[in-house]
Participant: 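First the structure, which I've put down as structure tokens, then a few questions once you've had a look.
When a ligand or atom number is given, it counts from 1 through the structure's own listing order.
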Amino acid sequence: MDQKPPSSWPHVSHVPESFVHPLEKRPGKLFFDTCKTIPVVDLEGYHDRTHVVQDVLKATKEFGFFQVINHGVSKKLMDDTMAVFKEFHAMRPEDKASECSKDPNRSCKFYTSSVNFSKEEFHYWRDALMHPCHSLEEYMQFWPGKPIRYREVVKEYAVELKKLGEKILNLICEGLGLDTGYFSGGLSGDPVLLVNHYPPCPDPSLTLGLAKHRDPSLITILYQEENGLQVCKDDEWILVEPVPHAFVINVGYVLQIISNGELKGAEHRAVTNSSVPRTSAAFFIYPSKDDLIEPAKALTNADNPPIYGSMQFKEFQRNYLSYGANAEKVQKFISST
Ligand SMILES: O=C(O)CCC(=O)C(=O)O
Ligand SMILES: [Fe+2]
């Protein structure tokens, strides 16, 4: 087993053995007819807010995933942010690593495949940059200092995405029958940004960029420009085709718990392609570490008792990390607490 990632992805001419997945874990079908995909919700598309609420709730219930357009984040900011993310990932691996090694607690980090590279049975075809976005005063000093505009641009992006997260969470509140602002404050207090970069892969049928998983967030707001994201719907993988300047929103385990299972996260994964590098930016809306996550009292009663227990977010996170992508184990853990 290779202990080190390929030092220079662009020149890889074959898939190294340690990145080849066992047959049963390979992606299978890579291309689809595109008629099946997730809903696109226009956040400004109706005069009547209740229509938007209905669309959002229908999409979250049916797919756990939807895209949003007319979301209020400027196209220029999205383009500038994607440009600095791509510039970051175009740097030499050793420069990327050194730009992300200033945080003594390693909450800002750069890695290939997963954080557990040296312990993995097989590796994934991606590089990742991860860092917290709250508080900006505390963490910005540990964000990459190169490209030179990184901190300036990503700071504005993080502020705007936090606002968008609140907007979407308030629509979900309304749809579920929770008070507006239920998720404000601690429950959405610690957003984290993960910038995935999937280099072109000489044989996408042999490996994956990211294993199938559900996110450990309340919701995730993803920005992507190229194909690669797939969502599992009724035991079938469907493609999330990029809509220019749309964000992809998905339900995470935390919202599943708080909604008492009314909304459920969907499994998703990233496949690679052989022609273009792909960058995706996931903005995870996480609760603060000490916040308690549990089914909302307003959504449970004698006829609809809580199906999940109550736990601090840090306890959930610790278990999620140790169970990795094993959905059955995570499900068992959240149901038994
Ligand atoms: O690259 C993608 O589209 C998927 C990213 C993702 O699911 C994640 O970072 O959790
Ligand atoms: Fe994800």
Side-chain angles (χ1 to χ4, degrees), residues 9 27 30 32 34 37-38 60 63-68 78 81-82 85-86 88-89 107-116 123-133 154 157-158 161 165 168 190-201 204 207-233 237-256 263-273 276-286 316-317 320-321 323-327 330:
W9 290 102
L30 287 163
F32 309 90
T34 49
T37 190
I38 60 168
T60 44
F63 292 84
F65 261 86
F66 58 100
Q67 310 208 47
V68 288
M78 295 177 80
T81 308
M82 190 49 97
F85 289 155
K86 286 183 174 171
F88 172 84
H89 277 297
S107 55
C108 173
K109 47 187 170 270
F110 170 74
Y111 51 87
T112 292
S113 185
S114 84
V115 273
N116 290 324
H123 305 309
Y124 293 88
W125 201 262
R126 74 151 179 178
D127 279 343
L129 157 67
M130 183 185 263
H131 61 67
C133 294
V154 177
Y157 185 76
L161 280 232
I168 291 163
D190 276 353
V192 167
L193 188 67
L194 169 65
V195 186
N196 301 297
H197 173 73
Y198 310 95
C201 175
T207 191
L208 277 166
L210 196 53
K212 69 172 179 188
H213 67 284
R214 292 184 174 89
D215 290 349
S217 55
L218 201 47
I219 55 170
T220 304
I221 307 179
L222 183 105
Y223 183 36
Q224 58 157 3
E225 292 180 334
E226 289 87 22
N227 280 329
L229 174 61
Q230 296 180 342
V231 178
C232 191
K233 165 89 174 124
W237 288 106
I238 58 173
L239 181 71
V240 179
E241 242 190 309
V243 171
H245 295 105
F247 285 107
V248 179
I249 313 294
N250 69 283
V251 174
Y253 277 117
V254 177
L255 185 53
Q256 182 170 327
L263 305 180
K264 286 200 179 75
E267 283 191 309
H268 54 286
R269 65 182 189 180
V271 297
T272 62
N273 76 78
V276 286
R278 173 171 181 267
T279 303
S280 73
F283 189 79
F284 298 107
I285 311 249
Y286 286 146
F316 165 76
Q317 220 173 15
Y320 178 88
L321 284 176
Y323 298 139
N326 190 322
V330 179

Participant: Is the contact between Val240 and ligand 1 made by the side chain, the backbone, both, or neither, using heavy atoms and a 4.0 Å cut-off?
Facilitator: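 Neither part.
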Participant: Quick one: does His213 get a heavy atom under 4.0 Å from ligand 1?
Facilitator: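 Yes, that is the case, since the closest heavy atom of the residue is under 4.0 Å from the ligand.
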Participant: One pair to check against side chain to side chain contact (heavy atoms under 4.5 Å, CB included): Lys264 and Val251. What are the steps and the verdict?
Facilitator: CA-CA 6 Å; Lys264 286 200 179 75; Val251 174; 5.8 Å; no
Participant: Give a rough value, rounded to 10 degrees, for the angle at the Fe ion (ligand 2) between atoms OD1 of Asp215 and NE2 of His268.
Facilitator: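 About 90° at the Fe ion (ligand 2).
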Participant: Please step through side chain to side chain contact (heavy atoms under 4.5 Å, CB included) for the pair Phe66 and Thr60, ending with a clear verdict.
Facilitator: CA-CA 7 Å; Phe66 58 100; Thr60 44; 3.4 Å; yes
Participant: Give the numbers and elements of all ligand 1 atoms closer than 4.0 Å to a heavy atom of Ala282.
Facilitator: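 In order of number, 9 (O).
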Participant: For a side chain to side chain donor-acceptor pair (under 3.5 Å) with Arg278, tell me which candidate from Glu226, Gln224, His197 qualifies.
Facilitator: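 Exactly one candidate clears the test, Gln224.
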Participant: Return the residue, atom name and 0.1 Å-rounded distance of the protein heavy atom closest to atom 6 (C) of ligand 1.
Facilitator: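 Here the nearest protein heavy atom works out to Leu210 CD2, 3.4 Å.
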Participant: Considering only protein heavy atoms, which is closest to atom 3 (O) of ligand 1, and at what distance to one decimal place?
Facilitator: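 Scanning the protein heavy atoms, the shortest distance from atom 3 (O) of ligand 1 goes to Arg278 NH2, 2.8 Å.
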Participant: In the protein, which heavy atom is nearest to atom 9 (O) of ligand 1, and how far is it?
Facilitator: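 Heavy-atom neighbour on the protein nearest atom 9 (O) of ligand 1: Asn196 ND2, 3.1 Å.
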Participant: Evaluate the ring planes of Phe316 and Tyr320, with Trp represented by its six-membered ring, and classify them as parallel (under 30°), tilted (30 to 60°) or perpendicular (over 60°).
Facilitator: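 Tilted.
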Participant: To the nearest 0.5 angstrom, please state how far the CG atom of Leu129 sits from the CG atom of Leu194.
Facilitator: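 Answer rounded to 0.5 Å: 8.0 Å.
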Participant: Looking at atom 2 (C) of ligand 1, what's its closest protein heavy atom, distance included?
Facilitator: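 The closest heavy atom on the protein side is Ser280 OG, 3.4 Å.
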Participant: Taking only heavy atoms of Leu229, which atoms of ligand 1 are found under 4.0 Å from at least one of them?
Facilitator: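 Listed by number with element: 3 (O), 4 (C).
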Participant: Should the ring pair Phe65 and His268 be called parallel, tilted or perpendicular, given that the plane angle runs from 0 to 90° and is split at 30 and 60?
Facilitator: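 Correct class here is perpendicular.
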Participant: Could you list the atoms of ligand 1 found under 4.0 angstrom from a heavy atom of Leu222?
Facilitator: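 Those atoms are 3 (O), 5 (C).
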Participant: Arg126 versus ligand 1: do any nitrogen or oxygen atoms come within less than 3.5 Å of each other?
Facilitator: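 Between Arg126 and ligand 1 (N or O atoms, distance only) the closest approach is not under 3.5 Å.
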Participant: Could you tell me, atom by atom, which parts of ligand 1 come under 4.0 Å of a heavy atom of Leu194?
Facilitator: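 Answer for ligand 1: 9 (O).
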Participant: At under 4.0 Å between heavy atoms, is it the side chain or the backbone of Val248 that contacts ligand 1, or both, or neither?
Facilitator: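 Neither; nothing of Val248 gets under 4.0 Å from ligand 1.
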Participant: Drop me the distance from Gln230's CD to Thr37's OG1, to the nearest 0.5 angstrom.
Facilitator: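 Going from CD on Gln230 over to OG1 on Thr37, the span is 11.0 Å.
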Participant: Stepwise, does the side chain to side chain contact (heavy atoms under 4.5 Å, CB included) test hold for Phe110 with Phe88?
Facilitator: CA-CA 11 Å; Phe110 170 74; Phe88 172 84; 4.0 Å; yes
Participant: With a cut-off of 4.0 Å, which atoms of ligand 1 are near a heavy atom of His268?
Facilitator: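 That gives atoms 7 (O) of ligand 1.
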Participant: Starting from the Fe ion (ligand 2), look over the N/O/S atoms of His213 and name the nearest one.
Facilitator: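 That would be atom NE2.
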Participant: Go through it in stages, so that I can follow the logic: the residues are Asn250 and Phe63, the test is side chain to side chain contact (heavy atoms under 4.5 Å, CB included), and I'd like the CA-CA distance, side-chain angles, deciding distance and then a yes or no.
Facilitator: CA-CA 9 Å; Asn250 69 283; Phe63 292 84; over 6 Å; no
Participant: Can you tell me how far the OH atom of Tyr157 sits from the CD1 atom of Ile221, to the nearest 0.5 Å?
Facilitator: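 The OH atom of Tyr157 sits 8.0 Å away from the CD1 atom of Ile221.
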